[in-house]
Amino acid sequence: MSDQILVRGLRLWAHVGVLTHEREQGQWFEVDLALSVDLTAAARSDALSDTLDYSQLITALQQQARSIRCLTLEHYSERMLDLAQSLYGPVPIALELRKCSAPVPGFGGVVAVRRQRFTTADSSHGGRENQAQSQGVLGPSS
């Protein structure tokens with residue numbers, strides 16, 4: 001499937017990091033997400049109900065960022081993937097989560113993890129048929 005909904009450059013303030021001050025004071029993270037879903041029906045109907053409402057995911061990720069406390073980008077990204085799955089079911093999703101200011105002396109670059117869940121080969125229906133089922137089974141993640 002070649003259709004995707006992209007969310008790029010979502011900035012989140014979260015308390016994630018190995019160092020104590022990172023978890024206590026918090027820091028900026030940035031995430032890009034790609035949700036693979038057939039957009040044909042929404043393109044024809046112009047109906048939000050025929051697509052995935054990306055504003056739900058953005059709002060949920062903003063809420064999650066306010067409460068999360070963990071050590072690694074890997075764990076934080078897993079929680080993001082869990083949250084997306086709780087909203088949309090098994091939709092193929094890829095993300096890149098970046099720590100905007102890694103606390104490494106002399107390093108001014110960006111550290112990131114790239115993750116994906118439910119590749120298009122895993123999900124022949126793009127997850128839309130399973131969305132209602134998953135919303136009844138999976139509650140929102142925080």
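Using a 4.5 Å cut-off between side-chain heavy atoms of Ile, Leu, Val, Met, Phe, Trp and Tyr, with links allowed through other members, Leu6 and Met80 fall into different hydrophobic clusters. When hydrophobic clusters are built by joining Ile, Leu, Val, Met, Phe, Trp and Tyr residues whose side-chain heavy atoms come closer than 4.5 Å, directly or via intermediates, Leu97 is not grouped with Leu71. No continuous path of ILVMFWY side-chain contacts below 4.5 Å connects Phe107 to Trp28, so the two sit in separate hydrophobic clusters. In this structure, Val111 is a member of the same hydrophobic cluster as Leu10, with clusters built from ILVMFWY side-chain heavy atoms closer than 4.5 Å.
Contact detail for Val91 and Ser36: the closest heavy-atom pair is CG1-O, 3.3 Å. The two residues Gln27 and Ser101 come nearest to each other via the heavy atoms OE1-O, 3.7 Å. Closest of all the heavy-atom pairs between Ser77 and Arg115 is OG-NH1, 2.9 Å.
One finds the CG atom of Leu83 at 6.0 Å from the CG atom of Leu57 (value rounded to the nearest 0.5 Å). In this structure, OH in Tyr54 is found 13.5 Å from CG in Leu33, a value given to the nearest 0.5 Å. The CG atom of Asp53 lies 8.5 Å from the OG1 atom of Thr59; values are rounded to the nearest 0.5 Å. Considering CD of Glu78 and CG of Leu95, their distance stands at 9.5 Å, rounded to 0.5 Å. How far CG of Leu39 is from CG of Asp3: 4.5 Å, rounded to the nearest 0.5 Å. Phe118 CZ to Gln85 CD: the interatomic distance, rounded to the nearest 0.5 Å, is 3.5 Å.
Remark: Thr72 engages no residue in a side chain to side chain donor-acceptor pair (under 3.5 Å) (not counting sequence neighbours). Remark: Arg66 engages no residue in a salt bridge (Lys or Arg N to Asp or Glu O under 4.0 Å) (not counting sequence neighbours). By the side-chain contact (heavy atoms from CB on, under 4.5 Å) test, Thr20 pairs with Arg23, Glu24, sequence neighbours left out. In this view, Gln25 and His21 satisfy the side-chain contact (heavy atoms from CB on, under 4.5 Å) rule, not counting sequence neighbours.
Cluster partners of Val110, using a side-chain heavy-atom cutoff of under 4.5 Å among ILVMFWY residues and allowing indirect links: none.
A salt bridge (Lys or Arg N to Asp or Glu O under 4.0 Å) check over residues 88-110, counting only residues at least two apart or in different chains, returns the pairs Glu22-Lys99, Glu30-Arg98, Asp32-Arg98, Glu96-Arg98, Glu96-Arg114.
In this structure a side-chain-to-backbone donor-acceptor pair under 3.5 Å is missing from Thr51 to Leu48.
Of the charged side-chain nitrogens involved, at least one lies within less than 4.0 Å of a carboxylate oxygen, so that Arg117 and Asp82 count as a salt-bridged pair.
Looking at heavy atoms from C-beta onward, Phe29 lies in side-chain contact with Leu73 at the 4.5 angstrom threshold. Considering only heavy atoms from C-beta on, Pro92 stays 4.5 Å or farther from Thr119 through its side chain. Two residues are said to be in side-chain contact when any heavy atoms from C-beta on lie closer than 4.5 Å; His15 and Tyr76 fail this criterion.
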